Amino acid sequence: ELAKSGEDKPDIMTKDFDIEIETGLKHDIGELEKKLTIVMKKTYIIVPNNAEKLKYKTISSIASITIITLRELQALNT
């Protein structure tokens, strides 16, 4: 299931996991962090690059969350 624009849901939702796609335009990740701390389902956050990945360091300590760059995602496909 895909979230509609403006909905307070993950961008992509499946039965087993959720996906958040971040563009790097978000300056404050506090709202996302608050939302993800109550999520029990595995969540992947896709970010454009390693610099953006560093912004999400505090969130990555949550066991159910994996932060991955586009390049890392591409490498999984090879």
Side-chain angles (χ1 to χ4, degrees):
E1 178 183 351
L2 299 176
K4 294 183 176 101
S5 182
E7 279 188 307
D8 193 23
K9 295 181 178 178
D11 297 317
I12 301 170
M13 296 160 281
T14 72
K15 187 180 102 179
D16 299 319
F17 61 89
D18 293 334
I19 299 173
E20 286 280 353
I21 302 170
E22 296 300 318
T23 61
L25 299 175
K26 195 175 283 175
H27 297 291
D28 179 20
I29 63 167
E31 285 299 313
L32 178 63
E33 186 172 13
K34 204 181 315 179
K35 179 171 64 172
L36 293 175
T37 55
I38 60 171
V39 172
M40 303 311 281
K41 200 186 312 184
K42 179 73 177 163
T43 301
Y44 296 93
I45 300 176
I46 302 172
V47 296
N49 54 48
N50 284 322
E52 286 301 314
K53 189 175 182 177
L54 288 175
K55 281 186 186 179
Y56 294 84
K57 191 174 184 175
T58 57
I59 294 177
S60 67
S61 64
I62 301 169
S64 63
I65 296 178
T66 300
I67 314 291
I68 188 168
T69 66
L70 288 171
R71 203 168 287 251
E72 291 167 336
L73 183 62
Q74 182 181 27
L76 293 174
N77 239 357
T78 56

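Given the structure is predicted, the values throughout are model-derived calculations rather than measurements.
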Requested in this report: Give the intermediate values and the outcome of side chain to side chain contact (heavy atoms under 4.5 Å, CB included) for residues Ile68 and Ile45.
Outcome: CA-CA 6 Å; Ile68 188 168; Ile45 300 176; over 6 Å; no
Query - Spatial distance of atom CD1 (Ile12) from atom CZ (Phe17) [nearest 0.5 Å] - result: 8.5 Å
Query raised in the report: Any ring-ring contact (aromatic ring centres under 6.0 Å, His included) pairs touching residues 58-77, not counting sequence neighbours?
Result: none
Requested in this report: Check Glu20 against Pro10 and note the closest heavy-atom contact, atom names and distance.
Outcome: OE2-CA, 3.2 Å
Report summary line: dist Ile67:CD1 -> Glu22:CD (nearest 0.5 Å) comes out at 8.5 Å
Query raised in the report: Side-chain contact, heavy-atom cut-off 4.5 Å: Ile19 with Ile46?
Result: yes
Query raised in the report: Under a 4.5 Å cut-off applied to non-hydrogen side-chain atoms, are Asn49 and Leu70 in contact?
Result: no
Report task. Not counting sequence neighbours, list each pair that qualifies as a ring-ring contact (aromatic ring centres under 6.0 Å, His included) and has a residue in residues 58-77. Result -> none
Query - salt bridge (charged side-chain N to carboxylate O under 4.0 Å, His left out) contacts touching residues 60-72 (sequence neighbours left out) - result: Lys53-Glu72
**Report entry** Any donor-acceptor pair under 3.5 Å from Lys41 side chain to Thr14 backbone
**Finding:** yes
Query raised in the report: Is the closest side-chain donor-acceptor distance between Lys42 and Thr66 under 3.5 Å?
Result: yes
Query raised in the report: Who pairs with Leu54 by side-chain contact (heavy atoms from CB on, under 4.5 Å), at least two apart in sequence or on another chain?
Result: none
Query raised in the report: Which atom pair, heavy atoms only, marks the closest approach of Glu52 to Val47?
Result: CB-CB, 4.0 Å
**Report entry** hydrophobic_cluster_shared for Leu73 and Tyr44, side chain cutoff 4.5 Å
**Finding:** yes
Query - Gap between atom OG1 of Thr43 and atom CG of Asp18 - 0.5 Å precision - result: 4.5 Å
Query - Side-chain (Asp11) to main-chain (Ile21) donor-acceptor, under 3.5 angstrom - result: yes
